[in-house]
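To keep things clear, I will list the structure first and then write my remarks on it.
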Amino acid sequence: MNAVVKQEAVRPDTLSAPEVARWRQDFPILQQTVHGKPLVYLDNAATTQKPLAVIEAEARYYREYNANVHRGVHTLSQRATDAFEAARDTVRRFINAARREEIVFVRGTTEAINLVATSFGQRLRRGDEILITEMEHHSNIVPWQLLCERSGATLRVAPIDDAGELRLDEFARLLGPATRLVAVTQLSNALGTVNPVRQLIELAHAAGAVVLVDGAQAVAHLPVDVQALGSDFYAFSGHKLYGPTGIGVLYGKAALLESMPPYQGGGDMIRQVTFTRTTYNDLPYKFEAGTPNIAGVIGLGAAIDYVNTVGLPAIAAHEQALLDYATAEAAQIPGLRLIGTARDKASILAFTLEGVHPHDVGTILDLEGVAVRAGHHCAMPVMAHFGVPATARASFALYNTAEDVATLLRAIRKAREVFG
Amino acid sequence: MSDLRDLYQELIVDHYRRPHNFGPLAGANRHAEGFNPLCGDHLSLSLKVVDGVIEEARFEGAGCAISTASASLMTDALKGRTEAEAEALFAVFHALVTSEDGLPADAPLGKLAVLAGVREFPTRVKCATLAWHTLLAALHQDGQPVSTE
Ligand SMILES: Cc1ncc(COP(=O)(O)O)c(C=O)c1O
C-alpha cells in the first residue's frame, strides 16, 4: 500500500486560465462536496451541469409568463410564444440552418432519430439499405433495426479499427445504389472519436443516400454548421449542451421535411380538422404535435446564449488541453488501457484498469468525489469490439480544471492500490 | 461518510482475485443464469442437489468485485445446506445488504457478513444480490434467466 505516487507533471498553464474559475461560478451545483470531498464532475457526456442563466430562464418563464404557446390571444400567451420562437431562431443561428422552419423541437436526440425513422422511414422498402457505424449509440441503432423489421430494409454496419476510428474504406465499400439512408455520429460517446462527417456526407450523397448526423455529443464541443456539412438531418439534445433535459432538436432540410408525413398527430400540427379530411400545418409545426416543452425550449435558448458568450472555440481549446493532459498522464498508470485512441478525439477519456472492474473504479472514484460513468455507455457493440464488458469514462466540460484531472488520476491510482 | 475499506474489505478483494468454486460443475442438476444489464455482469450458477441437500455449488462468469466476491462467498456458504436453509439464508443476506439498521449480531451469516458495507452503497446492492437471485432461480428451476432490472 505504499506505492510511490508519481508526481503529476507540470500542468500546461492554458489549463489554469483565469476564465475557468469565472466560468465555474456560473454553475452553482459545482460548489458542493461528495463523501466529504469537493465534487469533481466528469460525467459530462451523460449530461452537463446547468449554468444559472439556464436555471433562471426556466424559473422566470414559470414565475412571470407561463402560458401555452401559439393559441392564446392574451398577453402572457404572446410573451410565451415570443420567447419560444426566439429560442428557435437562436438554435437556427447556432447550427447555421438556412431557415427557422428547419428546426423541429423534440424531446432529445433519441426522439429526433425516431422521428426520422418513423416518418422518412415510410419510404423504405425491401431491398433498401441503411448504413450506420459500429460506434453508434443504441439510440442510433435500435430505431433503424425497428425500421428494418417494419420495412424489410437491411441494416449495414461500417466497422471501426482498434483505435476506434471508422474504417473509411469499408464505409465507402458498403455504400451503394441500395443505400437510402446513412446515420452516423459526429462524436462517439463511448470512444471520443470525431468522425469526418463532412467527407462521409459527400460519399453518401454521391451514392444518392440521405444522411442523418447524431450530434448529441458534438454540439457542446465543436462548432457545427449544418450547411457547411451538407447534412440532411442533424439531431441533438439540450441536456448535453448545458441546457435542460427533455428538450432536443431535429434539424432537417426544408424540402425533405416537407416531403415527409407527420410523426405524431394532435394539436398544433394541423391546419384544419374534419372527420373526412385533415390538413397539416406548415413546418416546423407539422412535426410538433401537442403542447411542447415550453420551459425546456426557453432553457435551451438560454443555454446556447451562454455557450455563445463563453465561445465554442475557447471551450474546445480548453477541453482539448485537459484531454491531452489526462491522456498523457493516464498512459503512465500501470494496467490502464485507453479505449478509443483515434487521432481526432474530443472530450472523452474511456479506459479499463487491469484487475479492477469498471464498476468498482466508478465506486472508488465516487468516494474521492469524482463522478465518472462506468458501464457500456449504450454502445454494447463498441464494448464487444474491444472485448470488454464495460469501461470507465471521464468526460470533460468547460468548467473542468487541471486540478479535476489531477484528482481523477490520483483516484485511479488509489483504485489500483485497493486491488493491489 | 463512507470509507473505501468499509466496502472493499481485504476478504472481498481476495475473493474477487481468487474466487472459490469458480468453474463448471460436473454432475450439476440445477442451473441458472443471472444478468445485470446495467453493468453487463453475467453469472452462471450450477448446483448439485442430492436428497434436498446442496452438495456442490459452483459459478462462472464475469463481474465486478462485489458480485464476484458475493458469488464466491455464497457458494462456500451453500454447501451442505438444505434447499430450505438456502432460501432462508437468501432472506438473511438480503436484509444484511439492504436494511437500515443492519442485523442482530447473532444472525447466522459467517463470512457473508463482510458484505455488510454494501448497505451504504445503494447503487451496488444489485451487484451483491445478483448471485443470490440467481440461486433462487436455480432452486426454483424455472429456466428463466434472472435480471437485476
Ligand atoms: C452519441 C449519442 N447519441 C444519442 C444519445 C441519446 O441522447 P438522449 O438520451 O438525450 O436522447 C446520446 C446520449 O447518451 C449520445 O451520447
Side-chain angles (χ1 to χ4, degrees), chain A residues 1 32-39 43 46 138 142 190 335 339 350 352-393 410-420, chain B residues 1-19 22 33-44 59-73 97 114-131 145 147-149:
Chain A
M1 285 305 256
Q32 68 178 294
T33 57
V34 168
H35 296 295
K37 312 273 169 60
L39 169 65
D43 194 16
H138 294 165
V142 184
I339 304 291
T352 59
L353 206 52
E354 194 188 349
V356 194
H357 191 282
H359 219 161
D360 297 310
V361 173
T363 294
I364 294 171
L365 266 51
D366 182 53
L367 285 166
E368 298 297 313
V370 181
V372 297
R373 174 99 181 256
H376 53 59
H377 316 291
C378 300
M380 290 173 98
V382 172
M383 302 300 114
H385 179 98
F386 288 92
V388 296
T391 67
R393 177 189 72 188
R410 269 196 307 275
I412 295 172
R413 287 177 187 277
K414 191 152 187 176
R416 284 279 300 172
E417 283 170 22
V418 168
F419 285 86
Chain B
M1 201 193 307
S2 328
D3 187 69
L4 202 50
R5 282 290 171 192
D6 292 344
L7 184 61
Y8 294 105
Q9 307 213 13
E10 295 288 356
L11 189 65
I12 290 178
V13 173
D14 286 347
H15 275 261
Y16 173 55
R17 295 169 67 187
R18 284 175 293 276
F22 190 83
E33 308 276 329
F35 295 94
N36 184 342
L38 213 66
C39 56
D41 284 3
H42 168 226
L43 187 132
S44 147
F59 77 103
E60 295 172 87
C64 64
I66 306 300
S67 75
T68 304
S70 180
S72 174
L73 289 158
V97 294
V114 75
L115 282 157
V118 172
R119 204 187 299 135
E120 306 296 329
F121 297 83
T123 59
R124 304 306 299 277
V125 168
K126 284 175 178 168
C127 308
T129 54
L130 177 62
S147 166
T148 57
E149 290 305 295

Q: If a pair satisfies salt bridge (charged side-chain N to carboxylate O under 4.0 Å, His left out) and one of its residues is in residues 353-362 of chain A, list it, with sequence neighbours excluded.
A: A/D360-B/R124
Q.
Can you tell me which portion of B/L7 sits under 4.5 Å from chain A's heavy atoms? Options are side chain, backbone, both or neither.
A. side chain
Q.
Can you tell me which portion of A/V361 sits under 4.5 Å from chain B's heavy atoms? Options are side chain, backbone, both or neither.
A. neither
Q | Contacting moiety of B/A65, where chain A heavy atoms sit under 4.5 Å | A | both
Q. Once you round to the nearest 0.5 Å, how far does CG of A/L367 lie from CZ of B/F121?
A. 4.5 Å
Q: Mind listing the closest non-hydrogen atom pair of B/Y16 and A/G355 along with its distance?
A: CE2-O, 3.2 Å
Q.
Let's test your reading of the structure: which of A/H376, A/H357, A/M383, A/M380 forms the most heavy-atom pairs below 4.5 Å with chain B?
A. A/H357
Q: Please name all residues satisfying side-chain contact (heavy atoms from CB on, under 4.5 Å) with A/D366, sequence neighbours left out, ordered by chain then number.
A: A/V34, A/H35
Q | Heavy-atom pair of closest approach, residues B/L4 and A/K414 | A | CD2-CE, 3.8 Å
(Q) Under the criterion side-chain hydrogen bond (donor to acceptor under 3.5 Å, both in side chains), I'd like the reasoning laid out for A/H359 against B/D41: C-alpha separation, chi angles, the key distance, then a yes or no. (A) CA-CA 10 Å; A/H359 219 161; B/D41 284 3; 4.9 Å; no
